[in-house]
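This report concerns only the one structure given below.
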Amino acid sequence: MSLAIDLISAINQAIKNLFKRRITLRYPEVNLDIERGYSYDPKAQVGIAGYKGRHILHLEKCTGCSLCAIACQNIANCIAMVKLDVSYPQNKKSIFPQIDYGNCVFCGFCVDACPFYALFMTNDHELSSTDKKSLIMSPLQLSIPPVKKKGLVQLEIDDRGPYHK
Amino acid sequence: MAERTLTLSIGPQHPGAGHFRLIVVLDGDIVVDVKPDPGYVHRGAEKMAEYRTYIQNIPHLERPVIIDSSGILFPYVLASEELLDLPPPPRAQYIRIIMAELNRIISHLYWLGIYGVFVGHTTMFLWPVGDRELFIDLAQMIAGARVTFAFFVPGGVRNDIPDDFPDKAIKVCNYYEKRLKEYEKIFFYNPLVLKRTQGVGILKREDAIELGATGPNLRGSGVKSDVRKDEPYSSYDDIDFEIPVYKDGDCWSRCMVRLGELYQSMNIIKQAIKKMPSGPVKNAKRGVLKGIEGEAFARTESARGTMAYYIISDGKPYPYRLKLSVPSFRCLSLMKHLLVNQHVADIPAIYWGLDYWPVEADK
Amino acid sequence: MGVITTFEQFLVRILQILFWLLLLIPMILTPIILLILPYFDISSLYPLVPFKERVDYNQFLKFLMDPTLVFPYLGDWMKTDFFKVVIFPGFTFAALFSGVIITWWERKFLSKVHNRYGPVYAGKFGGILQSIADLFKLLFKEIIIPERVDKLFFFMAPMGTLAISGALLALIPLGPSTYIARSNLSLLLIFAVLGFYPIVVLLASWASANKFSFIGGLRSLHQLVSYEIPLLLSVLGIVIMAGSLDLIRIVEAQVSLWFLIPQFLGAIVFIIATLAELERIPFDLPEADTEIVAGWLTEYSGMLFAIIQLAAYLKFYALSALFTVLFLGGWHGPIFLPPEAWTIIKVFLVMSFLMLIRGSMPRIRIDQLIRIGWVWLITIALINLFIALFIYSMGVKF
Amino acid sequence: MSLTTERERALLDKIKAKFEDVIKEKYVKPKRIRIDVSPQKIFEVASFLKALGFNQVASVAGTDYPSSNEMEVVYHIVAIDNELRDIVFALGERVSRDNPIVPSLTDVWKSASYHEQETYEMLGIKFEGHPRLERLLLPEDWADIPPLRKEFKLPGRE
């Protein structure tokens with residue numbers, strides 16, 4: 001008898017879930033609202049919580065010290081210092097990091113390595129492309145802040161289960 | 001004998017095995033011999049670690065177990081802290097506990113989903129995988145990534161938790177404790193699941209210890225053994241929690257241990273949030289990190305069992321030798337013991353009941 | 001809808017307008033005309049309409065209401081065996097109902113249980129065209145034939161499953177006069193047809209020359225053979241109470257009371273044995289995708305696979321309809337819907353219930369399955385038979 | 001967390017009392033003990049340790065020391081579910097690199113079996129008496145020297 005009760009309670013649980021909310025994030029139509037990217041405070045030697053997405057490079061602060069490239073060695077080897085045709089007073093050699101997102105593992109240790117508040121991470125995670133070359137982002141591309149997405153939603157929980165709103 | 005038997009290669013491309021091959025010899029519906037054949041995803045993580053500094057090893061060593069990436073990093077940071085002489089501040093230890101337990105939940109839910117679908121329960125695949133997103137979102141709030149966090153560093157953690165994290169985490173935990181009751185009704189106490197898992201793949205207490213089982217597999221055999229209690233690391237001795245232990249040693253006991261751990265992990269997260277002291281989260285020592293000459297052995301309880309690192313340093317920024325002892329690798333010796341004389345249909349039930357993660361075992 | 005810039009967009013727009021016109025005219029315009037026109041004398045409108053000699057508007061209206069009045073041969077044709085077998089209630093209707101609507105509904109329904117969305121993108125409403133899209137995908141896929149298979153049987157097996165499932169449809173009545181064939185022994189004939197299924201499955205698995213296929217085929221053989229007996233025993237009570245093996249007589253016997261109530265145990269046994277016959281969860285061992293790749297379907301691909309799936313869904317429909325006819329009073333229902341509609345609604349509900357079981361149960365093991373079949377189900381079916389005999393001996397007539 | 005080493009000392013003294021001249025103490029830290037034994041005597045020491053309550057092998061680590069032309073095997077032994085559960089005992093042995101043969105401890109701890117097999121594969125140390133000394137993780141057609149030896153360089157590095 002208890003067997004029948006347990007079986008029926010299992011089926012009953014399935015029926016109850018017919019009326020629950022669906023947790024699925026319908027991704028291309030809506031996006032998860034991620035407020036900020038990961039950044040690092042070199043003075044306090046500690047990071048500030050945030051999403052580890054595509055980098056943003058502040059050209060006017062970067063001195064071309066290549067500490068980020070050194071930090072990336074043996075991890076992903078995806079940062080290369082390239083010469084740009086721009087002149088900034090703090091960057092005499094005019095070299096800036098260029099990041100290959102085909103190799104990047106988004107660990108964020110390059111951000112931790114930058115002592116000049118020049119390299120941070122953003123909440124942009126849509127980096128797919130159809131060829132490997134366009135995954136390599138030049139310093140100028142990195143300096144553009146990401147486009148704000150449409151249809152931002154957040155996870156909410158109520159009596160009928162979690163959902164995205 | 002030879003004419004009667006049928007040799008099946010289950011894996012590495014069969015859905016029942018992952019990146020791993022089980023060579024199974026069948027006599028009718030009964031398994032007569034099993035040979036586990038790991039190594040399809042072997043990358044030589046130990047050798048590669050000898051070429052990387054202590055910090056550079058962090059993203060590298062997460063890779064074997066990406067669904068439990070904090071679990072595999074935890075003993076590494078403990079061992080390297082001993083070698084680098086970088087004690088972590090107390091707040092960092094609590095954040096580490098929260099992160100490790102979140103990751104344990106994420107890993108157990110992944111396992112539950114796989115286990116559900118491997119005993120043929122489609123709903124138990126999609127519920128845990130869906131609800132896992134709640135905890136991945138929490139982990140993302142702290143660590144900024146959804147899978148490979150690279151969050152623990154020798155001397156603390158990368159960053160402090162955001163201000164809105166405690167409220168959200170407690171809300172999610174409260175919801176999920178209620179939700180787990182539904183899981184119990186539809187899966188754990190479902191009579192057909194009991195029929196599939198109870199009395200199947202029995203691992204006796206003595207055999208479990210002798211063959212080297214760890215973690216939930218060991219606790220499913222009635223052994224009260226958990227590194228978090230045996231040798232409390234980080235701040236686990238401040239936190240009041242229980243170790244779920246089931247005596248039967250069958251697949252169902254191993255399931256129930258993991259279910260109990262889901263409850264306990266949420267309990268630990270809630271307590272850690274309450275008890276967390278304020279202060280810095282990272283030991284602010286500057287300069288190139290060089291290990292002092294010597295060796296260190298650290299072990300923690302990851303989602304699958306005792307994860308241990310043995311690091312030998314010769315005073316350079318790189319480890320001289322890094323030995324990674326993973327729980328899945330120890331499951332290999334259990335497989336033959338458990339699978340012989342069982343039915344074909346029990347192979348996935350037993351194999352996934354062990355929560356074997358091929359990438360972790362292959363390193 | 002953006003600004004039209006290319007010729008393709010222009011074509012798409014035109015087609016869309018045509019589509020909506022075609023959809024709206026019969027659904028909205030025609031009923032309105034039909035409602036309004038009786039109040040007018042149509043003949044008074046004739047002077048306004050050109051070509052009045054040639055077009056009889058009353059005929060046109062009649063055609064809209066009942067085509068058979070205008071084209072007498074159409075009505076005759078609908079009564080032929082060819083129409084019945086091929087279109088309604090035979091193959092085309094069953095294939096469209098089970099292959100398109102039920103597969104879609106199963107996905108949507110199960111996804112509701114799973115707390116997810118299911119198909120979304122194909123079709124205007126809730127991915128309703130997903131089954132069609134899958135059909136086209138399978139149509140364009142290469143049929144891979146492994147080198148060592150026995151090609152004759154490898155090709156014949158899908159056709160065999162389809163033929164068996166199609167044959168089941170012939171005997172199941174949807175309404176008092178909507179059936180393909182009537183026989184005094186139609187219930188027995190259904191079981192006779194079902195008995196061919198294990199042979200085809202075994203042929204398919206042996207011809208595939210694959211270890212996993214072979215294990216799946218053997219499992220299927222064990223399962224189907226051991227569940228046909230309880231399936232047959234569970235309906236014997238109904239045969240006694242209705243006094244006939246004719247399905248139409250059985251339905252007619254249920255005018256006052258559905259057999260579900262006196263034969264409740266029989267209904268449970270029938271449902272369980274049906275699940276096993278259909279190879280659905282919790283009895284989907286022959287194609288247990290996590291144990292033996294895909295069981296006896298492992299080597300099938302492309303359209304061959306689609307045919308097997310179609311056959312499986314036809315069988316699903318046929319056995320659900322059989323349950324409806326035997327236990328749920330067939331076409332009996334309130335008068336406002338035609339009898340066929342009641343049968344189809346009940347079949348739909350039965351199928352939904354079987355899907356619910358799929359959503360809440362795991363797969364069981366072959367030895368347990370055989371034990372359940374031979375020990376429990378046969379015992380319960382026999383008890384049920386005694387209940388039927390008892391009711392019959394009390395003098396209750398249906 | 002106690003940072004004293006009294007329990008560890010007492011434990012080590014117990015072992016020293018039995019194997020006075022055989023073992024060499026390497027270090028005693030809180031909850032960690034490391035001793036070195038010669039390969040000839042390791043079986044007896046291991047059996048004694050098992051009788052003490054150390055019933056599982058957590059890891060077997062082989063290390064290559066080309067500078068002293070030696071190879072080292074360290075067994076990390078843990079105690080499951082008894083009063084020694086918080087102690088990790090490291091049992092080390094050293095052999096010459098030219099002919100690395102050590103006795104297998106599979107007969108003492110079955111749990112050492114796969115770890116020893118891995119060490120054999122990665123360093124080429126032969127474990128005498130091991131039931132299944134064969135390839136485990138490396139590809140079947142691996143023809144190079146065992147990869148964890150120091151003279152094996154990763155391709156593209158140094």
Side-chain angles (χ1 to χ4, degrees), chain B residues 35-44 46-48 50-51 82 205-214 218 222-227 229-233 237 294-299 306-312 314 320-326 329-334 337 361-363, chain D residues 1 26-27 29-32 34 50 55-65 67 72 74 76 78-82 84-90 92 106 109-115 117-119 121-123 132 135-140 142 146-150 152-154 156-158:
Chain B
K35 187 170 178 268
D37 181 13
Y40 286 86
V41 274
H42 174 68
R43 304 189 314 150
E46 292 174 3
K47 185 77 180 176
M48 285 160 80
E50 289 171 14
Y51 290 83
E82 197 181 325
R205 190 193 147 89
E206 296 76 34
D207 292 337
I209 296 173
E210 183 65 39
L211 291 169
T214 76
L218 190 58
V223 185
K224 204 174 164 94
S225 161
D226 189 318
V227 183
K229 285 277 187 197
D230 292 351
E231 188 200 337
Y233 52 95
D237 46 354
E295 61 181 53
F297 182 89
R299 55 174 179 162
T306 310
M307 183 80 73
Y309 277 85
Y310 172 54
I311 305 177
I312 301 175
D314 60 346
Y320 182 75
R321 167 86 169 94
L322 184 142
K323 164 76 189 170
L324 172 55
S325 171
V326 287
F329 190 74
R330 303 199 210 172
C331 280
L332 286 173
S333 56
L334 302 178
H337 181 77
D362 290 358
K363 289 172 281 194
Chain D
M1 260 197 257
K26 192 142 182 214
Y27 60 75
K29 286 193 267 191
K31 293 171 185 174
R32 301 278 183 273
R34 163 86 192 260
K50 187 165 188 198
N55 46 15
Q56 208 183 66
V57 173
S59 105
V60 177
T63 316
D64 188 16
Y65 291 101
S67 51
E72 186 186 56
V74 186
H76 284 95
V78 294
I80 301 290
D81 208 20
N82 58 33
L84 297 171
R85 61 179 63 152
D86 57 336
I87 295 174
V88 178
F89 201 101
T106 319
W109 294 291
K110 265 191 199 163
S111 42
S113 140
Y114 274 95
H115 294 292
Q117 198 179 341
E118 190 202 359
T119 311
E121 180 180 35
M122 294 296 168
L123 284 135
R132 190 188 55 245
R135 275 284 149 75
L136 187 69
L137 297 174
L138 290 179
E140 278 93 356
W142 178 268
L148 275 182
R149 291 199 183 187
K150 289 287 171 191
F152 178 82
K153 300 286 181 204
L154 284 188
R157 296 204 184 256
E158 289 166 67

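All chains are named by letter (A, B, ...) in the order of the sequence lines, taking the proteins before the strands, and each is independently numbered beginning at 1. Only a predicted model underlies this, so the values are computations on that prediction, with no experimental measurement involved.
Remark: D:Asp64 engages D:Arg97 in a salt bridge (charged side-chain N to carboxylate O under 4.0 Å, His left out) (not counting sequence neighbours). With sequence neighbours left out, B:Asp362 forms a salt bridge (charged side-chain N to carboxylate O under 4.0 Å, His left out) with no residue at all.
Contacts of B:Leu218 with chain D are made by side-chain atoms alone, with heavy-atom separations under 4.5 Å and no backbone atom involved. For B:Tyr320, the parts lying under 4.5 angstrom from a heavy atom of chain D are both the backbone and the side chain. Looking at B:Ser333, the atoms closer than 4.5 Å to chain D (heavy atoms on both sides) sit in the backbone and in the side chain alike. Using a 4.5 Å cut-off between heavy atoms, B:Ile312 contacts chain D through its side chain alone, with no backbone atom that close. Within the 4.5 angstrom heavy-atom criterion, no atom of B:Lys229 approaches chain D. For B:Tyr310, the part sitting under 4.5 Å from any heavy atom of chain D is the side chain, from C-beta outward, and nothing else. Residue B:Arg43: no heavy atom, backbone or side chain, is found under 4.5 Å from chain D. Proximity to chain B (any heavy atom under 4.5 Å) is shown, for D:Thr63, by both the backbone and the side chain. Only the side chain of B:Glu50 comes within contact range of chain D, with at least one heavy atom under 4.5 Å from a heavy atom of that chain. Contact annotation for D:Val60: only backbone heavy atoms (N, CA, C, O) come within less than 4.5 Å of a heavy atom of chain B.
Between chain B and the residues D:Tyr27, D:Tyr114, D:Trp109, the most heavy-atom pairs under 4.5 angstrom are made by D:Tyr114. Ranked by heavy-atom pairs under 4.5 Å with chain B, the first of D:Asp86, D:Val57, D:Asn55 is D:Asp86. Ranked by non-hydrogen atom pairs under 4.5 Å with chain B, the options D:Arg135, D:Lys150, D:Lys26 are led by D:Lys150. Interface remark: of the candidates D:Lys110, D:Glu118, D:Lys50, D:His76, D:His76 forms the most heavy-atom pairs closer than 4.5 Å to chain B.
Nearest heavy-atom pair, D:Phe152 versus D:Pro146, reported as atom, atom and distance to 0.1 Å: CB-O, 4.0 Å.
You'll find the side chain of D:Arg132 stays beyond 4.5 Å of the side chain of D:Thr106, heavy atoms only.
Contact check on B:Glu231 versus D:Arg32 returns a salt bridge, with a Lys/Arg side-chain nitrogen under 4.0 Å from an Asp/Glu carboxylate oxygen. The pair D:Glu72-B:Arg321 does not meet the salt-bridge criterion, since no charged nitrogen lies less than 4.0 angstrom from a carboxylate oxygen.
Atoms CD and CG, on D:Glu121 and D:Leu138 in that order, are 4.0 Å from each other to the nearest 0.5 Å.
A tilted orientation is assigned to the rings of B:Phe329 and D:His115, their planes being inclined by 30° to 60°.
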